[in-house]
Amino acid sequence: MNQGLKGRDYITTQEWTLQELEVALSLATELKQMKRRGIPHRYLEGKTLFMLFFDKSTRTRNSFEAGMTQLGGHAHYIDAETSQIAHGESPKDTGIILSGYGHGIAIRHDLVPGEGNAYIREVARWADVPVLNMQSDVDHPCQTLADLMTLREQLGHNLRDVKIAVSWAYAPSYAKPLSVPQGLILLLTRYGMHVTLAHPPEYTLMPEVVEQARQNAQASGAKFEIVDSMDEAFRDAAVVYPKSWGVLELFGQSEESLKLARQYQHWICDERRMALTSSVKHASTTKPSLYMHCLPADRGHEVTDSVIDGPHSVVYDQAENRLHTCKALTALTM
Ligand code: CP
């Protein structure tokens, strides 16, 4: 089981080599088959993962919790609001103390730009068990690994030159973190995909992340471009991943943020836009382009029901693969 990854933190995909990511993807595929066939895989018997949440979750919490049970271990849910963290207990003390009780710490801290990644790294500095990022302000590496697994299942192992449009989309609910589009442009440029990032001018991603994506693309020979038109990004794309995110400078100012977003209500993924995309060839068949979303989606705003429930959509495959990839990551590192 252990492939030299025991004890390793998983905070961004960037810090794992392609070979290490391959080990995780390959184990995730194996675990998916084992679950389907009812083959026991209790690789973490008696082990405990502490899951610390500063934000809400459906997929992440439940995939880790169910995953740990299936691996023979146990996951504790810790809500930052109802633990001593709310009274100011430090990441250092939290990391040291939880390390003494269990075998891994997973953290979601994604809503405040500049805070989550720093907090997770401070816990990791003091913890002597692996620390896993369940979504920070910078990256959502559990989501993007599941997305990569889904892309491979749908389009084959080699994703070189496959065009993906990672686009901003309108949502009226709240300013969502930047970590999913950031994680996608970081990871998929390393796999040689043709990544087109689209957003209105105000919705720029963190400059250091964009720069790293450019360097990744240069190193892998991938194409990486940024446009300000959803139509342009969708044109001839084999895969589209339209989702909402907030303006970096307006986090915490929800009224201003939503007022600005309302100007861009026409940034929706609908049938007209899907008609701009290109069908894809895989294993001697031609199939519709893929519509992806990490969920939850703002239906009727980010995407129409006809697209998310239609033939392009692989959103439930992505959500299922969250389970298999998080099991692989915990089994390898804990
Ligand atoms: N995609 C994702 O991370 O979902 P949750 O916010 O429900 O965990």
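Counting starts at 1 for both ligands and their atoms, following the listed order.
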May I have the list of side-chain donor-acceptor pairs in residues 88-98 shorter than 3.5 Å, sequence neighbours left out?
unit_1 : atom_1 : unit_2 : atom_2 : d
Ser90  : OG     : Asp93  : N      : 3.0
Thr94  : OG1    : Ser90  : O      : 2.8

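Shown here are the side-chain hydrogen bond (donor to acceptor under 3.5 Å, both in side chains) partners of Arg42, two or more places apart in sequence or in another chain: Glu45. Every salt bridge (Lys or Arg N to Asp or Glu O under 4.0 Å) that Arg36 has, sequence neighbours left out, goes to Glu320.
A salt bridge links Glu122 with Arg125: the closest approach of a Lys/Arg side-chain nitrogen to an acidic carboxylate oxygen falls below 4.0 angstrom.
At a 4.0 Å heavy-atom cut-off, the residues surrounding ligand 1 are Ser57, Thr58, Arg59, Thr60, Arg108, His140, Gln143, Cys294, Leu295, Arg322, listed by chain and number.
Centroid-to-centroid, the aromatic rings of Tyr203 and Trp245 stay 6.0 Å apart or farther.
Both the sub-6.0 Å distance and the 45° axial angle are not jointly satisfied by Arg108 relative to the ring of Phe54.
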